[in-house]
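Below, chains carry the letters A, B, ... as their sequence lines are ordered, and counting in each starts from 1.
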Protein chains: 2
Amino acid sequence: MKTNQSQFALMGLLSLGEMSGYDLKQLSEWSVGHFWREGYGQIYPSLKRLAVDGMVKKRTERNAGRPERIVYTLTAAGKKALQAWLKVRAEPEVPRSELLLKVFFGGLTDADTVTEHIERKLTACEKELEELKATRARVEREGGRHPQKPFWLMTLSYGEYMAKAQEEWCKDMLKELKKITKSR
Amino acid sequence: MKTNQSQFALMGLLSLGEMSGYDLKQLSEWSVGHFWREGYGQIYPSLKRLAVDGMVKKRTERNAGRPERIVYTLTAAGKKALQAWLKVRAEPEVPRSELLLKVFFGGLTDADTVTEHIERKLTACEKELEELKATRARVEREGGRHPQKPFWLMTLSYGEYMAKAQEEWCKDMLKELKKITKSR
DNA sequence: CGTAGCATGTAAGTTGTTACATGATTCG
DNA sequence: CGAATCATGTAACAACTTACATGCTACG
């Protein structure tokens with residue numbers, strides 16, 4: 001059996017304050033976006049289900065001249081369930097890397113193709129590092145002295161460690177590939 | 001639309017030689033296992049579909065006193081499709097980390113819970129590094145001077161870079177957490 | 001007047017996971 | 001004689017993605 005992790009992610013965000021589905025998407029993008037992503041197609045149905053299960057409470061906000069908002073609040077039951085989930089050990093992640101698959105079977109095409117794949121990855125890593133930097137600045141700015149801030153920074157660190165390691169790998173492999181291409 | 005990546009993973013492995021579904025599972029575990037995992041529930045139906053699509057050809061092997069084997073061979077059409085796929089740029093991965101989610105919302109429980117999560121992760125990283133070491137040795141031994149060997153080693157490097165970076169992150173965060181716990 | 005942002009959702013399709021089901025042989 | 005390994009598969013479910021569908025406001 002699987003615990004529906006998307007739902008807990010949403011509940012976690014709702015623990016920071018009441019929000020609409022739209023808000024959740026916006027907030028998730030920069031806060032947990034580098035390790036967890038949800039689309040609207042996942043968010044709206046999940047919220048409905050959470051409401052049915054009594055984990056969240058919904059309230060409709062009618063604002064003159066703007067679209068209606070449905071604001072969700074985490075209930076006491078929801079908070080309890082969330083805290084219980086936080087204590088359960090995380091399942092090991094199932095790895096799935098299309099890029100590595102294409103590197104692994106790279107010998108079936110030419111080394112140039114593999115080089116291109118890795119160059120693209122390198123660019124992506126650099127972009128990722130930029131984004132993490134911006135997010136870190138934003139957390140420092142907006143996070144104030146929120147008690148959970150140290151934990152937020154830890155996940156940011158994770159992203160930075162990974163992106164840097166990937167960047168290094170890319171650079172090293174590009175060197176390798178040059179050697180291979182030359183020796184042919 | 002999505003290109004079915006599982007199928008290409010299987011086709012890639014079949015490019016190394018004809019194999020049964022069972023063989024594919026065994027080979028995949030140590031060869032691409034650290035970045036790609038398939039279960040039988042995925043393998044057998046995929047092979048059937050690949051056969052229908054003419055990407056692979058099947059042949060039944062009857063061995064006295066042992067279970068029947070269905071051996072699959074990559075067809076010319078299959079190889080062509082595989083090579084075409086190898087040239088298509090890899091989609092950026094969708095990140096999903098239950099661990100980081102539990103760290104991010106760690107403030108909702110106690111710091112000890114987060115510490116436990118990270119300690120478990122650290123152990124997993126060390127185990128992973130051991131396995132990668134063993135795999136590297138195995139590739140060196142069994143890979144001979146296979147032309148694709150350099151590419152195989154690149155994916156192994158990736159695993160090593162990542163596992164080491166994760167290990168480091170865990171250690172650094174455990175130090176951080178000690179500081180947090182003490183200051184309370 | 002067009003585009004971007006705010007705001008909510010559904011439907012269909014694909015994938016992936018888990019549990020179930022079977023049965024022979026070999027090794028300790 | 002029990003466990004592990006070889007060997008193949010199905011059914012049910014859960015999850016995820018994508019495309020579709022709508023409509024208002026603010027801004028340039």
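As rounded to whole Å, 11 Å separates atom P of dT10(C) from atom OH of Tyr44(A). When the P atom of dC6(D) is taken as reference, atom CE of Met19(B) falls 15 Å away, rounded to whole Å. In this structure, Glu93(B) places its CD atom 17 Å from C1' of dT17(D), rounding to the nearest Å. Glu98(B) has its CD atom 14 Å from the P atom of dT17(C), to the nearest Å. Nucleotide dT8(C) holds its P atom 13 Å from the CG atom of Leu10(A), rounded to whole Å. A straight line from OH of Tyr40(B) to C1' of dG16(C) spans 17 Å, rounded to a whole angstrom. Distance, Ile43(B) CD1 to dC6(D) C1': 14 Å, rounded to whole Å. Distance Leu47(B) CG to dG9(D) P: 9 Å, rounded to the nearest Å.
Of the candidate nucleotides dT10(D), dT17(C), dT8(D), dT10(D) has the atom nearest to the side chain of Pro45(B). For Ile70(A), the side-chain atoms get nearest to dT8(C) when compared with the rest of dA15(D), dT17(C), dT8(C). Closest to the side chain of Gln42(B), out of dT8(C), dA7(D), dT15(C), is dT15(C).
Figure legend: Lys80(A) and Trp85(A) shown without cation-pi pairing, the cationic atom not lying both under 6.0 angstrom from the six-membered ring centre and within 45 degrees of its axis. Stacking of Lys164(B) on the aromatic ring of Trp169(B) is not recorded, the 6.0 Å distance cut-off and the 45° axial limit not both being met.
With axes fitted over five pairs at each extremity, the angle between the ends of the helix from dC1(C)-dG28(D) to dG28(C)-dC1(D) is 40° (10° resolution).
The phosphate of dT15(C) has OP1 or OP2 within less than 4.0 Å of a side-chain N or O from Asn4(B). At the phosphate of dC6(D), OP1 or OP2 sits under 4.0 Å from a side-chain N or O atom of Tyr22(B). Note on Lys48(A): a side-chain N or O is less than 4.0 Å away from OP1 or OP2 of dT10(C). Residue Ser6(B) has no polar side-chain atom (N or O) positioned under 4.0 Å from OP1 or OP2 of dT15(C).
Side-chain atoms of His34(A) and Tyr158(A), non-hydrogen and from C-beta on, never get closer than 4.5 Å to each other. With contacts defined as side-chain heavy-atom distances shorter than 4.5 Å, the pair Ser15(B)/Leu74(B) qualifies.
Checking each of Gln83(B), Lys87(B), Arg89(B) against Thr113(A) for a side chain to side chain contact (heavy atoms under 4.5 Å, CB included) leaves exactly one that passes, namely Lys87(B).
Contacts of Glu38(B) with the nucleic acid, taken as non-hydrogen atoms under 4.0 Å apart, are absent. Among the heavy atoms of the strands lying under 4.0 Å from Gly21(B) are primed sugar atoms or P, OP1, OP2 only; no base atom is included. Among the heavy atoms of the strands lying under 4.0 Å from Arg96(A) are primed sugar atoms or P, OP1, OP2 only; no base atom is included.
Take the nearest nucleotide of DNA chain D for Gly39(A) and for Gln26(B): the residue whose nucleotide is more 5' is Gln26(B). When each of Val71(B) and Trp36(A) is assigned the nucleotide of DNA chain D bearing its nearest heavy atom, the one mapping closer to the 5' terminus is Val71(B).
Residues from residues 49-59 of chain B that place a heavy atom under 4.0 Å from any atom of DNA chain D: there are none.
Classified by interplanar angle (parallel below 30°, tilted 30° to 60°, perpendicular above 60°), the ring pair Tyr22(B)/Tyr40(B) is parallel.
With respect to the salt-bridge test (charged N to carboxylate O, under 4.0 angstrom), the residues Glu140(A) and Lys149(A) qualify. Ion pairing of Lys121(B) with Glu119(B) is absent here, as no side-chain N (NZ or NE/NH1/NH2) approaches a carboxylate O to less than 4.0 Å.
Legend: salt bridge (Lys or Arg N to Asp or Glu O under 4.0 Å) pairs involving residues 32-51 of chain A, not counting sequence neighbours, sorted by first then second residue: Glu38(A)-Arg96(B).
For the residue pair Arg136(B) / Ser157(B), a side-chain donor-acceptor distance below 3.5 Å is found, with atom types taken as modelled.
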